[in-house]
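Remember, it's 1-based here, ligands and their atoms both numbered in the order they're listed. Fair warning: this is a prediction, and the values are worked out from it, not measured in the lab.
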Amino acid sequence: MEIILFGAPGVGKGTQAKILAEKKKLFHISTGDILREAIKNNTELGQTAKSIVEKGELVPDNIMGGIVKEVLRSDRCKNGFILDGFPRTVAQAVILDTVFAELNIENVKLLIVGAEDSILIDRISGRKLCKSCGFILSKGALLIDNKCPSCSAVDSFIKRKDDDEEVIKRRLKIYHETTKPVLDYYNGKLTEIVVDGTQEIEKVTADILAKL
Ligand code: AMP
């Protein structure tokens with residue numbers, strides 16, 4: 001199964017992608033995670049991306065396209081994948097089409113998770129990230145002994161630099177102006193599945209699984 005997971009920042013794409021990847025045995029490709037890892041390790045990509053990501057802007061299409069092409073062509077994706085955070089522009093969607101054609105990938109599902117901006121701003125400004133494993137702790141979630149529920153690291157939660165309120169607003173503006181047109185580009189081309197991302201995490205997952 002091949003899934004493109006689409007939705008605004010903060011809608012819970014990363015959380016749902018991780019759950020679905022495990023349940024459906026799909027390879028999870030998160031372009032945001034790839035960039036955060038590169039920034040943490042101060043690689044060449046990380047040095048290029050750092051200030052762009054921290055400002056909430058988009059890393060250039062040719063860079064992102066190159067990264068995604070390489071991952072999709074690798075063996076890790078041969079049993080299916082879930083693409084989380086890509087494509088974010090129409091140019092990226094065009095690049096993706098060329099890779100799908102090259103690899104004979106057909107019947108891709110477009111999974112759209114929706115929510116109002118006001119809910120997203122509230123959610124993102126309250127969430128935290130485990131600096132060891134990337135686990136996202138939702139607003140209001142409690143920790144036992146300050147341990148990460150995913151990797152058990154202690155005192156590892158930090159706020160993402162791009163989760164600052166002004167940056168969130170910029171990310172949402174870019175989402176509406178630059179990323180949403182990707183939906184018009186796909187109109188009718190892929191099998192669309194739409195779910196309400198404002199529900200509890202478990203309910204969103206159940207809806208997705210029922211509709212897949
Ligand atoms: P995410 O974790 O998906 O919210 O991504 C975090 C940040 O990484 C975004 O705000 C962008 O700065 C950058 N980023 C992630 N994916 C892409 C992409 N497909 N194109 C451009 N920039 C991206």
Sub-4.0 Å heavy-atom contact, Arg36 with ligand 1: yes

Residues Glu166, Arg170: salt bridge by 4.0 Å N-O rule: no

Arg123 bridged to Asp163 by N-O distance under 4.0 Å: no

Nearest-contact summary for [atom] - protein heavy atom, Å:
{"atom": "atom 22 (N) of ligand 1", "answer": "Val59 N, 3.1 Å"}
{"atom": "atom 10 (O) of ligand 1", "answer": "Arg171 NE, 3.8 Å"}
{"atom": "atom 11 (C) of ligand 1", "answer": "Glu57 O, 3.3 Å"}
{"atom": "atom 20 (N) of ligand 1", "answer": "Gln92 NE2, 2.9 Å"}
{"atom": "atom 4 (O) of ligand 1", "answer": "Arg88 NH2, 3.2 Å"}

Under 3.5 Å: N/O of Pro87 near N/O of ligand 1: no

Contact atoms of ligand 1, heavy-atom distance to [X] under 4.0 Å:
{"X": "Leu35", "value": "8 (O), 13 (C), 14 (N), 15 (C), 23 (C)"}
{"X": "Met64", "value": "17 (C), 18 (C), 20 (N), 21 (C)"}
{"X": "Thr31", "value": "15 (C), 16 (N), 17 (C), 19 (N)"}
{"X": "Arg160", "value": "1 (P), 2 (O), 4 (O), 6 (C)"}

Cation-aromatic face contact Lys173/Tyr175, 6.0 Å, 45 degrees: no

Test log, rule side-chain contact (heavy atoms from CB on, under 4.5 Å), inputs Val11 and Ile119: CA-CA 9 Å; Val11 80; Ile119 295 175; over 6 Å; no

Derivation of the side-chain contact (heavy atoms from CB on, under 4.5 Å) call for Tyr186 and Leu183: CA-CA 5 Å; Tyr186 280 133; Leu183 290 182; 5.6 Å; no

Side-chain heavy-atom pair Ile4, Phe86 within 4.5 angstrom cut-off: no

